[in-house]
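Structure first, then comments.
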There are 4 protein chains.
Amino acid sequence: MGDHHTIEDEREKAGFWFEEDVLPGLKVKMILKEISFNGESKFQQVQIIKTVFGKTLVTDGKTQSAESDEKIYHESLVVPAMLKHGSPKRVFIGGGGELATARECLRFPSVEEVVMVDIDEVVVNICKEHLPTWGDGCWEDPRLNLIIGDAYSNFESIGGKFDVVIMDISDPIEAGPGIALYTKEFYDMVASKLSPGGVFVTQSGSGDVHNFDDCMTAINRTCREVFDCVAPYTSSVPSFGGNWGFNMAWNSKDGEEKEEELKSWKTCLDINDRIKSTSHHDYSFYDGETHLGMFNPAKQLRRGMEKEERVITRDNPVFMY
Amino acid sequence: MGDHHTIEDEREKAGFWFEEDVLPGLKVKMILKEISFNGESKFQQVQIIKTVFGKTLVTDGKTQSAESDEKIYHESLVVPAMLKHGSPKRVFIGGGGELATARECLRFPSVEEVVMVDIDEVVVNICKEHLPTWGDGCWEDPRLNLIIGDAYSNFESIGGKFDVVIMDISDPIEAGPGIALYTKEFYDMVASKLSPGGVFVTQSGSGDVHNFDDCMTAINRTCREVFDCVAPYTSSVPSFGGNWGFNMAWNSKDGEEKEEELKSWKTCLDINDRIKSTSHHDYSFYDGETHLGMFNPAKQLRRGMEKEERVITRDNPVFMY
Amino acid sequence: MGDHHTIEDEREKAGFWFEEDVLPGLKVKMILKEISFNGESKFQQVQIIKTVFGKTLVTDGKTQSAESDEKIYHESLVVPAMLKHGSPKRVFIGGGGELATARECLRFPSVEEVVMVDIDEVVVNICKEHLPTWGDGCWEDPRLNLIIGDAYSNFESIGGKFDVVIMDISDPIEAGPGIALYTKEFYDMVASKLSPGGVFVTQSGSGDVHNFDDCMTAINRTCREVFDCVAPYTSSVPSFGGNWGFNMAWNSKDGEEKEEELKSWKTCLDINDRIKSTSHHDYSFYDGETHLGMFNPAKQLRRGMEKEERVITRDNPVFMY
Amino acid sequence: MGDHHTIEDEREKAGFWFEEDVLPGLKVKMILKEISFNGESKFQQVQIIKTVFGKTLVTDGKTQSAESDEKIYHESLVVPAMLKHGSPKRVFIGGGGELATARECLRFPSVEEVVMVDIDEVVVNICKEHLPTWGDGCWEDPRLNLIIGDAYSNFESIGGKFDVVIMDISDPIEAGPGIALYTKEFYDMVASKLSPGGVFVTQSGSGDVHNFDDCMTAINRTCREVFDCVAPYTSSVPSFGGNWGFNMAWNSKDGEEKEEELKSWKTCLDINDRIKSTSHHDYSFYDGETHLGMFNPAKQLRRGMEKEERVITRDNPVFMY
């Protein structure tokens, strides 16, 4: 049956493609090498495919994460917030069906409990089966409390405080289930459930110069209504079509200057030491220099944040393409 | 998991496509609903997919036959030649891996033996498993003598004469295994192995006005070197990208005028009676009126045949795109 | 600047494409060599482009006619109806902005007046400028009475009878201007304005086996409500994506049998003589054999006509994709 | 003719697309709104088109620069090197046909002469006409010495030293004219022609994690053979398909530690002050924070640089896709 290289070459000849919308008038087009799973859950279309980015989870026609760069995305989402806190014990994850967000949290020995709430059991099970390296067996870690259900209501009803709250959900699209999880109302609740020194982080859609104002700036603006310090940051995740956006937020300790605290985080030079004293993991993507690159986004993005006036609420939602 | 309609709608959103070359600068692009099989044999890439044309066999990136119109192709290839002969007993099929060509031959009660030689056992087996309605169980008919091997050398070595010889092989592409089966040398051998009243037919590539001269006219010209009567004809097979070409050829009986015989076949008005007295099958596509449509191709095609000067030989092969 | 061949090769490298929808889940994709005109009229987007099919008029994203096969389309639409009548003096054309339909009518020396009504002056002028061989100067023929306006109301108000009425308008799409021109109400008016022996013909959308029932069968069924004899027919027009459908209709003369008259037209063997004694033109596509091919469509199409129950009226319109 | 918004919406319906290869099996697909120029020079295909990224120069099917982000690319290429030097008087530009690289150099009042050598006069003239904001009239600045010719031989023969040498040429592709400009031989010559404190910078192809090792790492490795200090850096240029790579290089002054000098540049915190005291321009993209983001690339890229062993020479060239 020939070697790997030959098969891939031939497949290109066969002309199977996955075309994914980036924004109106812009698509990314990838050779489709395989459709390993092709079904639908109560909530969405679910596929496991293989492209030039390796194995990929696709829901409703959108890449959720891909083998070649899932570590960039998941390390970017999880590790800075964990290091900012320093010694997180209890973590909440909204979404995260691929289980890779939980994997990154559970690397930290300080962590005693990860509460993860994902709405779609089909996705979770398909990822365990088809993308086992994403979760890396973390579903057997007794510290993981995996709840299938609505993240909003489960977060609302669960008792106790959290040191880190991580939102790893789909972009806010019209009629999407996650729309409430991008509102000021939700962030107010997050703030009330963070322990002192607690940190919130949310994936925030595209961070590219031509569409960061689809939702990244609005999420940033909404966080600033609730939190003292909000650090927008980006990482390049090619399978998502370019730079990807995140917002990390916290309330400053008494007596500290917000501006100073934000600045010291953006130019923080002891990230490598922090890693050594906490997770002690040799990350694929994240380290001290990467940190500087991530947390110092380009001028256009910072100007976009400054100019943004939209505060997302239940009555004034914001939708992505 | 929702109904059929919903799944197809959603799949379009997902953006999986099969792009197939028609000619340089022209492609057909079909929604790819499924990849049921994805492998390679010793000879070629082999896939079973599902598109807007239904289940489809694809080899080396080219549609071989599709659920929605395989009957148009296979009836067009087989039935006219069988009816022209009238009461065929022994039939040879070169290629025909989907087993649908054999199916059509074996519908004729007069047939005592069908010798079918296909080079690719993987294709034959995959079609039995994934496209069972193509062969429709004909592989269990004891009249079928299925040989896996090279059609040229097997045809050469097999004893006896044939009433109908049918070539159902891939288009002549450079380095393709079938190239020798489109040469004057092969057609000379066919003529020598046809019984009196015997008929030869070969699929002949595209019959569309913009590319019938890729190979259809050259095959026609080559047949005319060997046979008295050559009837080029076309059928519309949408999954192949438009009109498809065939050439049917025979040597006239003593005393008959070639021109008259050809013309009487092209305007033959008793096809429905012939069907009733032979296969007695209610075809999807082929009947008396369809016959007139098929065997009276447009003026451009006929002019193309007249002007064609290429005779295909081993030393002067013709290649398609 | 290199020769023609080199430029085309390079352009393929440049990757400009025109993707055109055929039906949901099926597109044709053509190399786009040039955009010569790119504007919009009051009614539609209008472009003149160059593809593998040569210069092409595109309105609202749909190919209207292309250099490589416009003669197939226009000869198919016009010539059979003109020959059926035999000696047409007054002809009405609805639509026909490219002026090629008028060109074919005016080739007949018997013609004294062609009344052509097209709604879009921009299209007419752009075609004169960019596609001059389509109209071939016929706009200077004093027999052409070109009216810019609505075909329905102009046809209604114009006095006198017509020997041939030809509808060369866009497919019936929702909100398209031509929707009323595909209704029983319009056909009733046509019948009342045809002179004895008069013939009506309309382009009828795709005639391919997978979508002839989008509108071709419904137009056929509607014509049968109004006319004694309706002959559906098809021609292969590759730039339209495959076989294209037409319906030709007339009321039989007293005493003739409808079935017999239809059949004699479908198997008519003196087309070449009719051409010689009327237009005396050496057509690219149409002649006696082509006639047999066109008017004897495949069994599926004929079955589709028989089964069709939709009669198109203003209250029950039919829309294409 | 409707407003801008309507036209763009309709154009999407029309289905004109520009598909550009990123790497084998990955394409970017953009709505093509306009082809303003479509020709070829002695060296390459040249087009000016309009896409979702605005007006775009395309040569041989590759985006060269686009309205929406040309400033990101050109500021990234030019400004850091100019600031590193501090007060450049004489600058050499290899390539730079769009004239935007010259524009950025000439913003610095210290500059007395910019020698720019581009091979393709057609590109230079087309850009002046169709992309006038790129050059912004700088071609009338008497300090610009624009030479049409081969960059290698012109650089070789020109007398005197340069403070900054900037290579703004196409990626090294097989048979491309610029291949010699990416070799150690050329960099040796550059080093010999730099004045004390002089800085060299070259665009270096994709800086994305999945293909930065196509050539960015090899260019980095080759620079390190010739220069003491080499700073690889990236900027996100969406119209190029993601992160774009650059290498900036210089020889350290006597007595300075190379490692220290590199590190102090990567974490340089006085960029905003340097801008104020030199060009004093309010850049779209580049400022102090952007500098930190650019010069601290992700861990994978840095590891890729460390592992790279390919030194590009005339005898061992490296080619991109």
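Given the structure is predicted, the values throughout are model-derived calculations rather than measurements. Residue numbering restarts at 1 for every chain, and letters A, B, ... go by the order of the sequence lines.
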Heavy-atom pairs under 4.5 Å with chain A: which of D:Gly242, D:Gly288, D:Ala298 has the most? D:Ala298
For chain A, find which of D:Lys266, D:Gln300, D:His291, D:Met294 contributes the most heavy-atom pairs closer than 4.5 angstrom. D:Gln300
Please report the shortest heavy-atom distance between A:Phe285 and D:Lys299, naming the atom on each side. O-CB, 3.1 Å
Chain D contact via A:Ile72 - side chain, backbone, both or neither, heavy atoms under 4.5 Å: side chain
Heavy-atom pairs under 4.5 Å with chain D - which of A:Thr267, A:Leu301, A:Thr290 has more of them than the others? A:Thr290
Quick one: are D:Thr51 and A:Leu26 in side-chain contact, heavy atoms under 4.5 Å? no
A quick test of your reading: do over 12 heavy atoms of other residues, nucleotides or ligands sit less than 6.0 Å from NZ of A:Lys71? no
With a 4.5 angstrom heavy-atom cut-off, which part of D:Tyr286 approaches chain A: side chain, backbone, both or neither? backbone
So which atom in A:Arg303 and which in D:Tyr283 form the shortest heavy-atom distance, rounded to 0.1 Å? NH2-O, 4.4 Å
Count the heavy-atom pairs under 4.5 Å between each of D:Gly241, D:Ser236, D:Ser235 and chain A, then report the option with the highest count. D:Ser236
Main chain of D:Lys29, side chain of A:Lys29: is a donor-acceptor contact present, judged purely on distance under 3.5 Å? no
Supply the atom-to-atom distance A:Leu23 CG to D:Ile31 CD1, rounded to the nearest 0.5 angstrom. 11.0 Å
Check whether any side-chain heavy atom of A:Pro238 sits under 4.5 Å from a side-chain heavy atom of D:His210, and report yes or no. yes
The interface call for D:Ser239 against chain A, heavy-atom contacts under 4.5 Å, is neither
Using a cut-off of under 4.5 Å for heavy-atom pairs, which of A:Ser68, A:Ser284, A:Pro297 has the most such pairs with chain D? A:Ser284
Interface check, chain A: of D:Val28, D:Asp282, D:Asp208, D:Thr234, most non-hydrogen pairs under 4.5 Å belong to D:Asp282
To the nearest 0.5 angstrom, please state how far the CG atom of D:Leu292 sits from the CD atom of A:Glu289. 11.0 Å
